[in-house]
Peer 1: 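Input: one structure, supplied below.
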Amino acid sequence: MQEATTETTAGRLAHVQAEIAAAAKIARRSPDDVALIAVSKTRHADEIEPLILAGQRRFGENRVHEAAGKWPMLKAAHPDIELHLIGQLQSNKAEEAVALFDAIHSLDRPSLVAALGKAMQSQGRQIPCFVQVNIGAEAQKGGCAVEALPDLLGTAREEGIDIAGLMCLPPANIEPAPFFALLAELAARHGLTGLSMGMSGDFATAIMLGATHIRIGTALFGERGQS
Ligand SMILES: *Cc1c(COP(=O)(O)O)cnc(C)c1O
């Protein structure tokens with residue numbers, strides 16, 4: 001039996017899955033309702049492959065260019081992989097993003113709605129999008145302002161984009177729970193069921209507050225910038 005040691009990729013995956021199950025149990029939710037996205041930004045294909053071999057199929061990248069360099073090959077070898085874009089997207093990369101990714105978590109402005117709508121139409125490919133909300137109203141962060149959310153959702157619906165839910169990155173170094181709770185409330189207010197929230201340091205809290213998609217890098221791959 002695979003022990004939940006954190007020294008191997010498979011061990012770290014098992015460890016994270018056990019923590020997901022524990023948090024879901026406390027929240028009286030099914031762990032199957034929490035999609036684990038393994039955030040593989042900055043990781044080479046040879047670091048990613050052990051995770052694929054251990055059964056992980058959902059991955060996240062934050063840059064189109066970087067993802068385009070490693071994922072077409074990995075996806076060709078494992079066609080059931082689901083690739084999520086979790087980082088900011090420039091409108092001029094919308095075509096490339098729609099071709100490469102299976103979901104986008106960073107829809108945050110009307111110009112991007114237009115670019116994605118056009119790209120999805122021209123490629124005949126609908127991919128679900130999460131609207132990223134700047135939940136802590138931080139000047140340096142991406143995401144649409146809370147006040148701008150109703151209009152942006154309206155624009156996306158007019159454009160025919162499939163809105164899967166809302167996404168946020170709460171402010172660093174303070175208790176994230178109130179921000180997760182606010183995102184959940186905003187989603188409920190707009191009849192949206194998807195909640196992309198929670199990273200390595202706070203995913204248990206996010207699950208207790210309703211996360212349906214958690215984005216985990218460090219807890220699966222180790223600290224960034226060592227290799
Ligand atoms: C890097 C990143 C994550 C994962 O962060 P970890 O703390 O390494 O788990 C999640 N979401 C976004 C948007 C990221 O850029």
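We count residues from 1, following the sequence as given. We count ligands from 1, going down the list as the structure has it; atoms in each ligand are counted the same way.
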Peer 1: Which atoms of ligand 1 are found less than 4.0 Å from any heavy atom of I216?
Peer 2: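 By the 4.0 Å cutoff, the relevant atoms are 9 (O).
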
Peer 1: Report the member of R215, M199, K41 with the shortest heavy-atom distance to atom 14 (C) of ligand 1.
Peer 2: K41

Peer 1: Are H84 and F130 an aromatic pair by the rule of ring centers under 6.0 Å?
Peer 2: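 No, ring centres 6.0 Å or more apart.
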
Peer 1: Counting from 1, what ligand 1 atoms have a heavy atom of I86 closer than 4.0 Å?
Peer 2: 11 (N), 12 (C), 13 (C), 14 (C)

Peer 1: Could you tell me if K118 and Q121 have a donor-acceptor pair between their side chains, going purely by distance under 3.5 Å?
Peer 2: no

Peer 1: Is any side-chain N of the basic residue among K41 and E61 closer than 4.0 Å to the acidic one's carboxylate O?
Peer 2: no

Peer 1: Salt bridge or not for D102 and K75, using N-O below 4.0 Å?
Peer 2: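 Salt bridge flag = yes for K75 with D102.
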
Peer 1: For ligand 1, which part of H105 has a heavy atom less than 4.0 Å away: the side chain, the backbone, both, or neither?
Peer 2: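 No part of H105 comes within reach of ligand 1.
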
Peer 1: Would one find an N or O of A219, backbone or side chain, under 3.5 Å from an N or O of ligand 1?
Peer 2: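 In this structure, A219 places no N or O atom under 3.5 Å from an N or O of ligand 1.
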
Peer 1: Numbering the atoms of ligand 1 from 1, which are under 4.0 Å from a heavy atom of T218?
Peer 2: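 That gives atoms 6 (P), 7 (O), 8 (O), 9 (O) of ligand 1.
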
Peer 1: Mind checking whether F59 and W71 have ring centres under 6.0 Å apart?
Peer 2: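 Yes; W71 has its ring centre under 6.0 Å from that of F59.
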
Peer 1: Is the shortest side-chain heavy-atom distance between I216 and F221 below 4.5 Å?
Peer 2: no

Peer 1: I need the nearest protein heavy-atom contact for atom 9 (O) of ligand 1: residue, atom name and distance, please.
Peer 2: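 Heavy-atom neighbour on the protein nearest atom 9 (O) of ligand 1: S200 OG, 2.5 Å.
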
